[in-house]
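Report on the structure given below.
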Amino acid sequence: MIATREFGRTLYSVCDELMQNYAVDQWWPARSRFEVMVGAILVQNTRWANVDAAIKVLRARQCLTPQAVQALPVERLQVMVRSAGCQSVKARRLRSLALAIDEFGGLRRMACTDTEPLRAMLLSVHGIGPETADAILCFAFDRPVFVADQYARRWLQRMGFISARASKNYTHSQRSVNVLLNGAGVSHQALHAGIVLHGQARCGQLPQCLDCFLREICKYPYKT
DNA sequence: ACCCAGGGTCATA
DNA sequence: TATGACCATGGG
């Protein structure tokens with residue numbers, strides 16, 4: 001088992017490297033909290049390029065507010081998000097989200113709610129699971145939450161930070177990491193952005209050592 | 001013609 | 001609790 005302190009140092013240097021080589025603060029291109037949430041739902045099992053097209057349509061028609069989304073007939077919403085795939089499913093999910101936000105008391109209220117209850121609120125929305133909820137917490141509300149997605153779990157397992165069994169389960173992976181991550185002072189946004197970018201660049205074949213990781217991420221700088 | 005992508009839900013066993 | 005089908009588009 002890897003010592004906590006060593007793990008913290010490792011991730012700290014990874015984040016440091018990521019922030020120097022990527023525009024990690026711009027990795028998730030969104031102009032508002034709600035836009036991050038919309039993107040988080042639309043990107044489920046889909047490439048970002050397809051999502052980007054859909055968001056441009058929504059933005060052009062000024063539909064990137066919870067109120068505007070609610071006012072829209074579902075059929076209309078489906079047409080607008082078509083490029084993101086699973087249109088009927090995702091249109092419904094966007095409506096559920098918009099409704100839930102209003103019922104909770106709006107974005108302002110969400111922003112000043114503690115992370116745990118906020119996460120529970122997000123998970124109660126039909127169509128938001130653990131990964132989407134954590135991405136929203138991390139990128140829309142700037143909470144120190146680790147997004148234990150497929151890329152992260154593969155990498156963590158290969159690095160020996162978590163067991164093969166834990167890597168198959170989202171919650172187990174996240175819990176293991178959170179314990180080890182305690183006090184490491186990492187940027188969760190930078191870490192997630194870097195892991196995803198790196199995972200994509202390597203087509204899912206993640207390197208097994210930290211040196212390889214750092215070397216590889218430098219070969220794929222952030223591009224718009 | 002396949003395969004998959006920055007998942008989640010629902011139905012089975 | 002753990003898999004598998006399903007959603008459905010666009011790019012390789």
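Numbered from 1 within each chain, the chains take letters A, B, ... in sequence-line order. What's counted below: heavy atoms across the whole structure, side chains too, no hydrogens, waters or symmetry copies. Source: prediction; values computed, not measured.
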- Item | A:W48 CH2 to C:dG12 C1', straight-line distance once rounded to whole Å | 21 Å

- Task: Could you check whether A:W27 and the base of B:dG6 form a stacked pair, meaning centres closer than 5.5 Å and planes differing by less than 30°?
- Result: yes

- Task: Report the distance from atom NZ of A:K90 to atom P of B:dG7, rounded to the nearest whole Å.
- Result: 9 Å

- Could you tell me the separation between the NE2 atom of A:H188 and the CG atom of A:L137, rounded to the nearest 0.5 Å? 11.5 Å

- Proximal nucleotide (of B:dG7, C:dT9, B:dG6) relative to the A:N50 side chain: C:dT9

- Does the A:S167 side chain pair with the main chain of A:R154, one donor and one acceptor, at a distance under 3.5 Å? no

- A:V89 side-chain proximity, nearest of C:dG11, B:dG8, C:dC7: C:dC7

- Taking the side chain of A:Y151 as heavy atoms from C-beta outward, which of B:dG6, C:dT9, C:dC7 is closest to it? B:dG6

- Roughly how far apart are A:H172 NE2 and A:R153 CZ, rounded to 0.5 Å? 11.0 Å

- Query: Across all strands shown, which nucleotide pairs with C:dA5 by Watson-Crick or G-U wobble geometry, both distances under 3.5 Å?
  - Reply: B:dT9

- Whole-Å distance, A:Q44 CD to B:dC10 C1', equals 15 Å

- Closest to the A:T132 side chain, choosing from B:dG6, C:dT9, B:dG7: B:dG7

- Residue closer to the 5' end of DNA chain B, A:V43 versus A:L123 (nearest nucleotide): A:V43

- Task: Identify the two heavy atoms, one from A:E35 and one from A:R59, that lie closest to each other, and give their separation to 0.1 Å.
- Result: OE2-NH2, 2.7 Å

- Task: Report yes if at least one side-chain N or O of A:Q87 is closer than 4.0 Å to OP1 or OP2 of C:dT9; otherwise report no.
- Result: yes

- Pick the P atom in B:dG6 and in C:dT3, then give their distance to the nearest Å. 23 Å

- Mind telling me whether A:W27 and A:H192 have parallel, tilted or perpendicular rings, with 30° and 60° as the class edges? perpendicular

- Rounded to whole angstrom units, what separation is found between the CD1 atom of A:I41 and the C1' atom of B:dT9? 14 Å

- Message: In whole Å, I'd like the distance from the CG atom of A:D52 to the P atom of C:dT9.
- Response: 19 Å

- Query: Roughly, in whole Å, what's the span from CD1 in A:I195 to C1' in B:dA5?
  - Reply: 18 Å

- Task: Look at the side-chain N and O atoms of A:R82 and state whether any lies under 4.0 Å from the OP1 or OP2 oxygen of C:dG10.
- Result: yes

- By nearest-heavy-atom nucleotide on DNA chain B, the more 5' of A:A135 and A:V125 is A:A135

- Between C1' of B:dG7 and CG of A:N169, the distance in whole Å: 15 Å

- How long is the gap from CG on A:L107 to CG on A:D102, to the nearest 0.5 Å? 8.0 Å

- Give one of base, sugar-phosphate or nothing for A:D149, where a contact means two heavy atoms less than 4.0 Å apart. nothing

- Message: I want to verify a distance call: between B:dG6, B:dT9, B:dA5, whose nearest atom is closest to the A:N45 side chain?
- Response: B:dA5

- Message: Just the rounded figure in Å: distance from C1' of B:dG8 to CG of A:L94.
- Response: 14 Å

